[in-house]
> 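The structure that follows is given in the form of structure tokens.
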Amino acid sequence: QVQVAESGGGSVQPGGSLRLSCAVSGATGRRYCMAWFRQGPGKEREKIASVRIPEGTTRYSDSVKDRFTISRGDAKTVYLQMSNLQPDDTAMYSCTLARQSSVCQDWARDSGYEFWGPGNQVTVSS
């Protein structure tokens with residue numbers, strides 16, 4: 001069974017940075033798609049970044065492009081480096097995995113993500 005778990009959230013002042021980590025365990029196969037979603041208070045869930053494994057192809061929402069970077073580390077770990085954080089970035093951030101790597105190709109598609117972490121809170125305030 002595939003399991004996904006996030007870590008690294010917390011509180012930061014506007015303009016600050018945080019890095020979230022997502023650890024994956026279990027049989028994923030060699031090719032898969034990983035993404036970060038977030039849901040802020042009173043807002044709908046939003047996909048913000050994805051990376052296709054093993055190609056490393058990344059995609060971002062307009063809301064985080066040029067401020068956030070998704071990357072793959074060793075041992076099935078994916079990171080989300082967040083810079084210049086603003087109060088609007090306050091949200092529960094969740095990592096998810098789709099065993100079909102083609103899910104990453106269709107940015108408009110939010111279905112197909114099978115395994116989700118419990119989420120990690122990020123709060124940006126002064």
> Please name the pair of heavy atoms, one in A98 and one in Y32, separated by the smallest distance, quoted to 0.1 Å.
O-CB, 3.3 Å

> Can you give me the closest heavy-atom contact between K76 and G26, atom names plus distance?
NZ-O, 2.7 Å

> Find out whether C33 and S102 are in side-chain contact, i.e. whether some heavy atom of one side chain is under 4.5 Å from a heavy atom of the other.
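Heavy-atom side-chain distance check fails, nothing below 4.5 Å.
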
> Are the side chains of D88 and K43 in touch, meaning some heavy atoms are under 4.5 Å apart?
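Contact flag for D88/K43 side chains = yes.
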
> Please confirm whether the backbone N or O of S101 pairs with a side-chain atom of R31, one donor and one acceptor, at under 3.5 Å?
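Pair absent, no side-chain N/O of R31 close to backbone of S101.
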
> Keeping the roles fixed (side chain from Y60, backbone from I70), state whether a donor-acceptor pair exists under 3.5 Å.
yes

> Before giving the answer on side-chain hydrogen bond (donor to acceptor under 3.5 Å, both in side chains), spell out for E46 and S63 the whole-Å C-alpha distance, their side-chain angles and the decisive distance to 0.1 Å.
CA-CA 10 Å; E46 175 190 17; S63 60; 2.6 Å; yes

> Are V2 and V78 connected in the hydrophobic side-chain network, where two residues link if heavy atoms are under 4.5 Å apart?
yes

> Taking the side chain as C-beta and beyond, is there a heavy-atom pair between F68 and S83 under 4.5 Å?
no

> Would you compute the distance between atom NZ of K65 and atom CZ of R67 and round it to the nearest 0.5 angstrom?
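Answer rounded to 0.5 Å: 13.5 Å.
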
> Give me the ring orientation class for W116 and F37: parallel if the planes are under 30° apart, tilted from 30 to 60°, perpendicular past 60°.
tilted

> Mind checking what makes salt bridge (Lys or Arg N to Asp or Glu O under 4.0 Å) contact with R45, not counting sequence neighbours?
none

> Looking at every heavy atom in both Q86 and P14, which two are closest together, and how far apart are they?
OE1-CB, 4.3 Å

> Does any part of the side chain of M82, heavy atoms only, come nearer than 4.5 Å to the side chain of L20, both counted from C-beta?
yes

> Check whether any side-chain heavy atom of Q13 sits under 4.5 Å from a side-chain heavy atom of S125, and report yes or no.
no

> Between E6 (side chain only) and G119 (backbone N and O only), is there a donor and an acceptor less than 3.5 Å apart?
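Indeed, once roles are kept as given, a pair shorter than 3.5 Å links the two residues.
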
> Any side-chain heavy-atom pair from V4 and C22 closer than 4.5 angstrom?
yes

> Flag this pair as yes if the NZ/CZ of K47 is under 6.0 angstrom from the six-membered ring centre of W36 and inside a 45 degree cone about the axis; otherwise no.
no

> Between Q81 and S17, does the side chain to side chain contact (heavy atoms under 4.5 Å, CB included) criterion hold? Intermediate values first, please.
CA-CA 8 Å; Q81 178 66 46; S17 299; 4.0 Å; yes

> Of all the heavy-atom pairs spanning L18 and V122, show the shortest one and how long it is.
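Closest approach of L18 to V122: CD1-CG1, 3.9 Å.
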
> So, the side chain of T57 versus the backbone of R52: is there a donor-acceptor pair under 3.5 Å, distance only?
no

> Mind checking whether P54 and R72 have side chains closer than 4.5 Å, heavy atoms only?
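They are in contact (side-chain heavy atoms under 4.5 Å apart), so the answer is yes.
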
> Look at the side chain of T90 and the backbone N and O of V124, then say whether any donor-acceptor pair between them is shorter than 3.5 Å.
yes

> Testing the basics here: between S50 and W107, what is the closest heavy-atom pair and its distance to 0.1 Å?
OG-CZ3, 3.7 Å

> I'd like to know whether L80 forms a side chain to side chain contact (heavy atoms under 4.5 Å, CB included) with I48, so could you lay out the CA-CA distance, the side-chain angles of the two residues, the decisive distance to 0.1 Å, and finally the verdict.
CA-CA 10 Å; L80 185 69; I48 57 173; 3.8 Å; yes

> Closer than 3.5 angstrom, by distance alone: can the side chain of D106 be matched with the main-chain N or O of V103 as a donor-acceptor pair?
no

> Using the rule that two of Ile, Leu, Val, Met, Phe, Trp, Tyr join whenever any of their side-chain heavy atoms come within less than 4.5 Å, decide whether Y93 and V12 are in one cluster.
yes

> Tell me if the CD atom of Q100 is crowded by more than 12 foreign heavy atoms within 6.0 Å.
no

> Under 4.5 Å between side-chain heavy atoms, hopping through other hydrophobics if needed: is there a path connecting F115 to V51?
yes

> If you round to the nearest 0.5 Å, how far is CD of Q121 from CZ of R38?
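These two atoms lie 11.5 Å from each other.
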
> Does a side-chain heavy-atom distance below 4.5 Å link L97 with T28?
yes

> Rounded to the nearest 0.5 Å, what separation is found between the OH atom of Y113 and the SG atom of C95?
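Rounded to the nearest 0.5 Å, the OH-SG separation comes out at 10.5 Å.
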
> Between the main-chain N or O of Q105 and the side-chain N or O of R109, is there a donor-acceptor pair closer than 3.5 Å?
no

